[in-house]
Each structure stands twice: as structure tokens, then as C-alpha cells.
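Report on the following structure.
Predicted model, so just to flag it, every value in this text is computed and none were measured. Just so we're on the same page: letters track the sequence lines, and every chain starts at 1.
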Amino acid sequence: MRLLITLGVVFAVALSYLAAPVQASQEKTGTQAESDIKAVQPILPDPQKVLDQLVGNWTYTAKWWDAPQSEPMEWDGKFKAEWVLDRSFVEFKARADSNERDYEGMGFMGYDNVTGKYSHIWFDTTGTGMWISTGRYNADKNAITDTGKYSNPASGKRDWYKGVTTFSGEDVMSYEFFIKGAGGKEFRQMEILYKRVK
Amino acid sequence: MRRNLTLTFSTFVTALALIFSISAPPSKAELSEPGKAHEVLGKLEGSWDYILKWWDEPGAEAGIASGTSEKKLIMDGRYLTMNHKGTWSGEAFEGFGIKSYDNTKEEYGTVWIDNLGTGLSVTSGSYDPKTKELTESGTTTLTGSETPYRGVTTFVDDSTYTYEYFITYPDGTEFRHMVVMYNKADDIGGA
């Protein structure tokens, strides 16, 4: 099926090139032009609809592993996400509920129309640097995967990381944080499970 | 003799401690906490009025815009948030920025977003206490393409500072696209 769609798109692109001289001499109606464009462009979900899934009040449970086989540290918290700047970005605010863990974080996520990528900013009380990552949306998984580098107070270096935000339903989402461990192998250091507050 | 030995030993220990403090990398706690360098962020805290001029290209007539900027240190002084509200070409303008001093990079950093576009403007740089200039460079997509730029914040006095925004053209030449003049807003609620 996917092959048929691909062939169809290739055929449509080829047709559009063959028809180009004719198009140059003829004024096409808006409706015809629009349908041609739709025929050659892949159908991507509206980024605002993708980001809309984040918006709301959430509770979360986080798990953190210092090493792949270690016991995770766990804590709960509250997370709020809302549109700001005329719906250009979604603003995040997070706070841990635990008295033992005094944690506060803030961030933004948006879709850059120039680069065609999602952008993600995060800053919190675990350090003094900002986490800036960019990535893409996978419609099959309903997930945004972004990568970047962060100032890691534990290593004292700028380290690679990958974040995966997965929407499992209207009221459930998760964020997974991967770093590169021994031998450059990816290691999931953190998992946060969110439940929407109704 | 015993006193001399004690003095020698304590001098040795002091010397060792000094050497260790110079050569040892900063601890995780030191890298996680705000320090002396973060005081520069504090100089920007408060309510400000601004007037800005911008030029589309060299020699063009300047456009003028104005507004207010609320700057606040958050998370125990780790970061400075910057909320801008005003007008731009007759339209409502809203922008948000975050300034930091990253102890690991040993650099100041700024991320800026606003309602004129969907991209990030990201810069990093250093502060020169002699000239009182915080100079950062990076890239923005707010111009419609990935564009290198340089931002210079100059502290004039406690109630005045300026921000200059220089775009770098593909041939490497710089053009001052914008200058913003900030004045501390009157503290009406003061004593």
C-alpha cells in the first residue's frame, strides 16, 4: 500500500514537471493549483494539533536511573502546559510534590516553520544550563523525538541526549530521556508518566 | 622546634589545599548552583520601559517600537525570565526570553521566542566587566532563514541599558538591525 502511495506521489511529481511549460503559459485556477500541490506534498499532521495534545494540567510520576541496573529514584509532581505567544509555543511548568525533592522546571515546545522541526527548551533547578533540542514527529507512534546537548553537572561536560514524548491517549503521555552510556550505547536514564487532571 | 614543625605542617596542608582547590574540577553541587557570575543577571532584574529602532537594511529609514519588559530572577537566581509586551508595526507584540549563566560552559546564554515567528533565537557569550558589555552570538530563524547574529547588552548605569542586535550577512559583513534602549520603570509603589 505504502509502495502504491509512493509510486503515486512520484508519478504526480513527474506529471507536474512534464506539465510545467504548459502551466507557464496558462493561468490556472486556484482550485486546480491547490489540488496539484496537495498531490505532490506528503500529508503531515498540523503541528499545532500535535502540540495541542500537551496542553492541560497533569500529574506525573518520574523514575531516574543513575546506571542501567541501578534501583530507580522515584518522585511525583505536577505539570502544566499552555499555549503562549499567540499559539507559537506551548509553555511548560513542572514542580515536584515530594518534600524530599525540591524540584522546579520550566520549558517550551514549538514547531519552527523555517526548519520544519519541533524545538524544545528546558531549564530547571538541577543545573544552571539550558537544554535545547530539536526533532521530528512520528505519526505512527504519535511521538516527538528530539535530540540536543546539555550541560551535565555529573560529568562536567556537554553531553548528548534524546527526549521522546509519546502521546498514548488523550489523557496519558510519557517523556523518556536517553543518554549515551558506556561504549556509546543508549541508556534510558529517566521516564516520566503523565496523567491528565480532569 | 615543635612549634616550627607544627607551622611547617600547617603550611604544607594549606599549600596542598590551595593546589587542590586550583586543580580540582568543580563538584556537581558547584556546577548546579548559581554563583558570582549570576550577579550579572541580577543587574537586569526589574520593570523596564523600552524604545527600539530597527532597520530593514543599511540606509533604510528606521522603524520605531516601544513597550515594557518585566525581568525576574527565578529558581534561586539560576535564570532570568524576560517578558516583553508592546507594539511592533502597529500590531501587538509579545516576547519571552531566558538568560542563564551555564557553570559548565562558563558562558552566558539566551533563548528568545516571540509572536513574530515560530523559531528560536539562541546565543551564548561572555561579560566584560571593564566595558560592562555582555556579548553573545548565535543563530535565529526569526528572519525567515537560519541567520547568524550577535547581541550586545551594555549596562550604562543602574537604571539604563541598551541592547544592540547585529545580523551577519552571507558575505560575513555585519549590519546593526536593531537597537533597544531600556529605562527602569518608575517604582510607583515605592516608599
Separation between CG (A/Asn57) and NZ (A/Lys80), nearest 0.5 Å, reads 5.5 Å
Between A/Val90 and A/Met106, is there a shared hydrophobic cluster once you connect ILVMFWY residues whose side-chain heavy atoms come closer than 4.5 Å?
no
Side chain, backbone, both or neither: which part of A/Phe89 has an atom under 4.5 Å from a heavy atom of chain B?
side chain
Are B/Phe96 and A/Met109 joined in one hydrophobic group, where the rule is that I, L, V, M, F, W and Y side chains link up if heavy atoms are under 4.5 Å apart?
no
At a heavy-atom separation under 4.5 Å, does B/Leu142 approach chain A through its side chain, its backbone, both, or neither?
neither
Under 4.5 Å between side-chain heavy atoms, hopping through other hydrophobics if needed: is there a path connecting B/Leu134 to B/Met178?
yes
If you compare all heavy atoms of A/Trp65 against all heavy atoms of A/Ser70, which two are closest, and at what distance to 0.1 Å?
CD1-O, 3.1 Å
Tabulate, with distances rounded to 0.1 Å, every donor-acceptor pair spanning chain B and chain A at under 3.5 Å.
from: A/Asp86; atom 1: OD2; to: B/Asn115; atom 2: ND2; distance (Å): 2.9
from: A/Ser88; atom 1: OG; to: B/Gly117; atom 2: O; distance (Å): 3.4
from: A/Tyr111; atom 1: O; to: B/Thr118; atom 2: OG1; distance (Å): 3.4
from: A/Asp112; atom 1: OD2; to: B/Thr141; atom 2: OG1; distance (Å): 2.8
from: A/Asn113; atom 1: N; to: B/Thr118; atom 2: OG1; distance (Å): 2.9
from: A/Asp124; atom 1: N; to: B/Tyr79; atom 2: OH; distance (Å): 3.4
from: A/Asp124; atom 1: O; to: B/Tyr79; atom 2: OH; distance (Å): 2.9
from: A/Thr125; atom 1: O; to: B/Arg78; atom 2: NH2; distance (Å): 3.0
from: A/Thr126; atom 1: O; to: B/Ser32; atom 2: OG; distance (Å): 3.3
from: A/Gly127; atom 1: O; to: B/Arg78; atom 2: NE; distance (Å): 3.0
from: A/Gly127; atom 1: O; to: B/Tyr79; atom 2: OH; distance (Å): 3.2
from: A/Thr128; atom 1: OG1; to: B/Leu31; atom 2: O; distance (Å): 3.4
from: A/Thr128; atom 1: OG1; to: B/Tyr101; atom 2: O; distance (Å): 3.4
from: A/Thr128; atom 1: OG1; to: B/Asn103; atom 2: N; distance (Å): 2.9
from: A/Gly129; atom 1: O; to: B/Tyr79; atom 2: OH; distance (Å): 3.2
from: A/Ser151; atom 1: OG; to: B/Asp102; atom 2: OD1; distance (Å): 3.1
from: A/Ser151; atom 1: OG; to: B/Asp102; atom 2: OD2; distance (Å): 2.4

Same hydrophobic cluster for A/Trp58 and A/Phe92, using side-chain heavy-atom links shorter than 4.5 Å among ILVMFWY?
yes
Between B/Leu31, B/Ile74, B/Ile98, B/Leu116, which shows the greatest number of heavy-atom pairs under 4.5 Å with chain A?
B/Ile98
Do A/Val84 and B/Val122 belong together in a cluster built from hydrophobic side chains that touch within less than 4.5 Å?
yes
How many angstroms lie between atom CG of A/Leu85 and atom CD1 of B/Ile113, to the nearest 0.5 angstrom?
5.0 Å
Residue-level interface, residues 188-198 of chain A with chain B, non-hydrogen cut-off under 4.5 Å
none
If you count heavy-atom pairs under 4.5 Å with chain A, which of B/Ala29, B/Gly144, B/Pro34 comes out on top?
B/Gly144
Proximal to chain B - members of residues 166-183 of chain A, heavy-atom separation under 4.5 Å:
none
How close do A/Ala94 and A/Tyr60 get, counting heavy atoms only, and between which atoms?
CB-CE2, 4.4 Å
Give the other cluster members for B/Ile64, using side-chain heavy-atom distances under 4.5 Å between Ile, Leu, Val, Met, Phe, Trp and Tyr residues; answer none if it is isolated.
B/Ile51
Just wondering, do A/Asn138 and A/Thr145 contact through their side chains at under 4.5 Å, heavy atoms?
no
Inter-residue atom distance A/Thr61.OG1 - A/Glu74.CD, 0.5 Å rounding:
7.5 Å
